[in-house]
Amino acid sequence: HPLKTVFCQRYTVVRRHLDKAKRKRLFLEFCIEHMNTWFTSRIARHLLFWIGVFSYFIITSSMVFFRDYTHLIQSTLTLMVPQIIVAYVLMDVLIPKFLNQRKYVAFAVFSVLLLALLFLGYMVLRKYFFDAVYYDVYNDLAKTYAKRSLMERFLDLNLIVSKMVLFVSPAALIFAYRMYKNQKNVMELREQKRIAEHSALKNQLNPHFLFNTLNNLYALAVEQSSKTPEVIERLSEILDYILYRCKADFVSLDKEVAMIENYLGLEKIRYGNRVKIVFEHSVDKPVKIAPLLLLTFIENAFKHGASQE
């Protein structure tokens, strides 16, 4: 039928458009997911860091001291290669194997040796490549310096200190970032531990107490005692407080006192005349404490005191 044919054709076109849009959406989601994974990886973070260092040198350098951008890039890379070597040898080899193991002398010796070798290589490259190729663009001070021998450069304390600082600076930044990250992880672990301890404290109500209370409740119900409603009410108040009303880090001391009074009321019914319970309290002003902090002492008093008699 003609109408059926037209409908099928339009349905096919619409379906193709939907399939195409779906494929685009899935492709974009795939790209975004992998980009997020890549940017959060260690390699990506370090690559972006060194690109930032390279960009900093390029942007802050004056072209007055360079023949062209090739000269500038070569000079920048000549400085960055020792920086990269220092950063990863220190962070991945010397610090884990020596400094963290409290081998301070070995760490100092190998660090100085590393910096000395890199300084030697840097000076050789400066003298026999840059000073030879780019001598014509040097100013008078640079030309005077270029005529100095390698030994004179090795004995120049100001030059040694300045280059060492440049070599170590990126490593110091990476080390500071790692320290910050490690400290953040430690703080998160401490917070998780605190939350776990807090949760354990909230869930510490002795199961024997609940078992004995339910047994007493059953006995009172069988006897049709007038104390049955009181037991139910006090137990429900305790459970409601522990499960729902002490979720915050700190609660009012008045609420803690009310919970303890309910707890003591159940223990009075349980022990009867066998134990004399006296609970005196006075709260003059609003005070907040960690929830269930005092319950442990009350439970232990009955567990190791009255129950042992």
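- V278 is listed as a side-chain neighbour of E280, based on a closest heavy-atom distance under 4.5 Å.
- Taking a cutoff of 4.0 Å between a charged side-chain nitrogen and a carboxylate oxygen, R178 and D92 qualify as a salt bridge.
- A chain of hydrophobic side-chain contacts below 4.5 Å, direct or via other Ile, Leu, Val, Met, Phe, Trp or Tyr residues, connects L150 to L118.
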Inset, instruction - Report the C-alpha distance between L173 and Y177 in whole Å, list the side-chain angles of each, state the deciding distance to 0.1 Å, and finish with yes or no for side-chain contact (heavy atoms from CB on, under 4.5 Å). - result: CA-CA 6 Å; L173 293 176; Y177 171 75; over 6 Å; no
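- Interatomic distance, E237 CD to M259 CE, rounded to the nearest 0.5 Å: 11.5 Å.
- Here the side chains of K288 and V251 are not in contact, with every heavy-atom distance at 4.5 Å or above.
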Inset, instruction - Apply the test salt bridge (charged side-chain N to carboxylate O under 4.0 Å, His left out) to residues D131 and R153: give CA-CA distance (whole Å), side-chain angles for both, the deciding distance (0.1 Å), then the verdict. - result: CA-CA 13 Å; D131 293 350; R153 300 184 188 193; 2.7 Å; yes
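- The 12-atom threshold is exceeded at NZ of K127, counting heavy atoms of other residues, nucleotides or ligands nearer than 6.0 Å.
- Interatomic distance, M123 CE to L120 CG, rounded to the nearest 0.5 Å: 9.5 Å.
- If you chain together hydrophobic residues whose side chains sit under 4.5 Å apart, V89 and W50 fall into the same group.
- Using bins of under 30°, 30° to 60° and over 60° for the plane-to-plane angle, the ring pair F167/Y122 lands in the perpendicular bin.
- The CD1 atom of I298 lies 10.5 Å from the CD atom of E256; values are rounded to the nearest 0.5 Å.
- Counting only heavy atoms from C-beta outward, the side chains of I73 and F54 approach each other to under 4.5 Å.
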Legend entry - Step-by-step side-chain contact (heavy atoms from CB on, under 4.5 Å) determination, Q74 to Y134: CA-CA 11 Å; Q74 289 175 345; Y134 299 108; 2.5 Å; yes
Inset, instruction - Might you work through the side-chain contact (heavy atoms from CB on, under 4.5 Å) test for F66 and V137, ending with a clear yes or no? - result: CA-CA 7 Å; F66 302 95; V137 297; over 6 Å; no
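- At least one side-chain heavy atom of S75 sits less than 4.5 Å from a side-chain heavy atom of R126.
- We find the NZ-CD distance between K268 and E261 to be 8.5 Å, quoted to the nearest 0.5 Å.
- In this structure, the separation between CG on L90 and CZ on F98 is 11.5 Å, given to the nearest 0.5 Å.
- We find the CE-CD1 distance between M63 and I58 to be 8.5 Å, quoted to the nearest 0.5 Å.
- By the 6.0 Å and 45° rule, R67 does not stack over the aromatic ring of Y138.
- A salt bridge does not link D240 to R234: none of the charged side-chain nitrogens sits closer than 4.0 Å to a carboxylate oxygen.
- Under the 6.0 Å distance and 45° angle rule, R148 does not count as a cation-pi partner of Y145.
- A 4.5 Å side-chain heavy-atom check between L79 and F57 finds at least one atom pair inside the cut-off.
- Using a 4.5 Å heavy-atom threshold, the side chains of V53 and M80 count as touching.
- Contact annotation: the side chain of M187 approaches that of R190 to within less than 4.5 Å [non-hydrogen atoms, C-beta and beyond].
- Checked against the 6.0 Å centroid threshold, F279 and H281 count as a close aromatic pair.
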Inset, instruction - Check the pair L115 / F119 against side-chain contact (heavy atoms from CB on, under 4.5 Å), numbers first and verdict last. - result: CA-CA 6 Å; L115 292 173; F119 180 74; over 6 Å; no
